[in-house]
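The figures that follow rest on heavy atoms only: side chains count, while hydrogens, waters and symmetry mates do not. Both counts, for ligands and for their atoms, begin at 1 and track the order of listing.
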Amino acid sequence: MGLLSEQPNVVLSSEQLEKFQTEGCLAVPNFLSEEDVEMLKASCHQLVEEMDPEKHSHTIFSTTHNEETKSEYFLNSGDKVRFFFEQEAVDNVGNLKVNKHFALNKIGHALHWFVPEFKKVSFSDKMKATAKQLGFISPAVVQSMYIFKQPGIGGEVLAHKDCTFLSTEPQSCIGFWFALEDVTLENGCLWYSPGSHKTPTQRRYIRNPKKGEALTIFTSPPDPDDDLNYVPVLVPKGSLVLINGQVNHKSAKNTSSKSRHIYTFHVIERHNAQWDPRNWLQPTPDMPFTGLYENSP
Ligand SMILES: O=C(O)CCC(=O)C(=O)O
Ligand SMILES: [Fe+2]
């Protein structure tokens, strides 16, 4: 190994930083150790093992359907560990059609704070060093998710920019996305549109100021998008994928027999940047936004 491994504060090379600036997305292979990957998978397995589907299976997560947006369960998940089911895993009266270990779309949104294994990885020195190289001055981890992309039924994620959901002024969000299994064209890899982070969007997903209606709404329809520009991010397990909050990205349904487990958390800047008070996700007394540099596992 060369220079990089001899400098603990240098995780990304200047070429990698430049690619991230230009394209808005960057894959960094071998970021997590094999042990970390297995630790996160085992920790998640334990959470599912202890989860009673009866208590959660009404809360289907889907970006193509609207059930979730009506749900308090989603809206109040920012400071909790909550379970969201795949559309196709639940029948029309809410009973599971498959084993609970193959039924979840995701767990969110505070794994990084309440589950020790996820906290260990999220607030590691390597993560802090990476954020410093990306230019963060006072970053906070605002949310985290474990996304399963279950074999056969793992749902599509429609094209979006993360700043639609996690907006600051000026925009500052970066997604840290970790492959916990090999990611391929078959099992629903991430796709992004290089350079699209340079085109801002006004589209926001906000708490509905009108009472008695859906709890959350989009402020405008999706922006025009060009399907032809997308490139796949094919990465082995252990890879980090950095996602600029303004880059268009999406993932297809998993029609293969292999799952695609990932862990992701989103970081925003607090220095000279303002969290949008309309964002669906808001800090709470139970969990004010957790500073990356000042917290440790
Ligand atoms: O993992 C996926 O399929 C999409 C995840 C995503 O949109 C994100 O982490 O911002
Ligand atoms: Fe996203």
Side-chain angles (χ1 to χ4, degrees), residues 20 23-28 31-32 37 40-41 44 61-64 68 74 77-78 84 86-87 104-112 118 121-122 127 134 141-168 171-194 196-197 201 203-205 218 222-223 225 230-237 239-256 258-268 279-281:
F20 185 59
E23 298 203 355
C25 189
L26 174 74
V28 186
F31 188 94
L32 292 185
V37 167
L40 294 182
K41 288 186 77 177
C44 178
F61 179 82
S62 160
T63 56
T64 50
E68 173 197 48
F74 170 77
S77 64
F84 300 90
E86 275 299 346
Q87 193 96 25
L104 289 171
N105 172 289
K106 68 174 177 183
I107 303 178
H109 285 93
L111 290 160
H112 64 287
F118 288 88
V121 166
S122 310
M127 227 55 83
L134 291 169
V141 182
V142 293
Q143 68 161 31
S144 51
M145 298 182 279
Y146 193 101
I147 302 179
F148 295 83
K149 275 280 188 206
Q150 304 285 4
I153 59 168
E156 172 186 15
V157 174
L158 297 175
H160 65 280
K161 297 178 191 280
D162 291 337
C163 68
T164 290
F165 302 89
L166 307 168
S167 182
T168 59
Q171 293 304 338
S172 63
C173 176
I174 294 182
F176 287 58
W177 188 103
F178 304 92
L180 304 180
E181 297 180 322
D182 294 342
V183 177
T184 65
L185 283 174
E186 289 73 36
N187 70 0
C189 67
L190 207 61
W191 294 74
Y192 76 103
S193 175
S196 58
H197 60 303
T201 182
R203 187 169 201 240
R204 301 282 175 266
Y205 181 70
F218 285 100
D223 297 311
D225 194 17
Y230 282 80
V231 294
V233 189
L234 306 175
V235 286
K237 67 176 171 183
S239 303
L240 161 66
V241 180
L242 292 168
I243 306 171
N244 181 297
Q246 298 194 85
V247 84
N248 292 340
H249 59 287
K250 61 184 180 181
S251 63
K253 181 174 176 175
N254 183 5
T255 52
S256 80
K258 291 206 173 96
S259 55
R260 192 222 67 180
H261 290 196
I262 66 104
Y263 172 56
T264 181
F265 61 82
H266 287 85
V267 176
I268 55 111
N279 285 337
W280 80 267
L281 177 69

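- Not a single donor-acceptor pair under 3.5 Å links the side chain of Asn248 to the backbone N or O of Lys161.
- Proximity of Leu134 to Phe20: side-chain heavy atoms (C-beta onward) are separated by under 4.5 Å at one or more points.
- A donor-acceptor pair under 3.5 Å is absent between the side-chain atoms of Lys237 and the main chain of Leu32, judged by distance alone.
- For His249 (side chain) and Val247 (main-chain N/O), a donor-acceptor pair under 3.5 Å exists by modelled atom type.
- Remark: the Asp225 side chain and the Tyr230 side chain contain an N/O donor-acceptor pair separated by less than 3.5 Å.
- In this view, Phe176 and Phe265 satisfy the ring-ring contact (aromatic ring centres under 6.0 Å, His included) rule, not counting sequence neighbours.
- Of all protein N/O/S atoms, those under 2.8 Å from the Fe ion (ligand 2) are His160 NE2, Asp162 OD1, His249 NE2, and waters are not counted.
- When the side-chain hydrogen bond (donor to acceptor under 3.5 Å, both in side chains) test is applied to Thr164, no partner is found at least two apart in sequence or on another chain.
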Ligand-protein N/O pairs under 3.5 Å (ligand 1):
from: ligand 1; atom 1: 1 (O); to: Trp177; atom 2: NE1; distance (Å): 3.0
from: ligand 1; atom 1: 1 (O); to: Arg260; atom 2: NH2; distance (Å): 2.8
from: ligand 1; atom 1: 3 (O); to: Ser251; atom 2: OG; distance (Å): 2.6
from: ligand 1; atom 1: 3 (O); to: Arg260; atom 2: NH1; distance (Å): 3.2
from: ligand 1; atom 1: 3 (O); to: Arg260; atom 2: NH2; distance (Å): 3.2
from: ligand 1; atom 1: 7 (O); to: His160; atom 2: NE2; distance (Å): 3.0
from: ligand 1; atom 1: 7 (O); to: His249; atom 2: NE2; distance (Å): 3.1
from: ligand 1; atom 1: 10 (O); to: Asp162; atom 2: OD1; distance (Å): 3.1
from: ligand 1; atom 1: 10 (O); to: Asp162; atom 2: OD2; distance (Å): 3.0
from: ligand 1; atom 1: 10 (O); to: His249; atom 2: NE2; distance (Å): 3.2
from: ligand 1; atom 1: 10 (O); to: His266; atom 2: NE2; distance (Å): 3.3

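- A donor-acceptor pair is defined here as one N or O able to donate and one able to accept, closer than 3.5 Å; no such pair exists between the side chain of Ser77 and the backbone of Gly108.
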Could you give me the CA-CA distance, side-chain angles and deciding distance for Gln246 and Thr201, then say whether side-chain contact (heavy atoms from CB on, under 4.5 Å) is met? CA-CA 8 Å; Gln246 298 194 85; Thr201 182; 5.9 Å; no
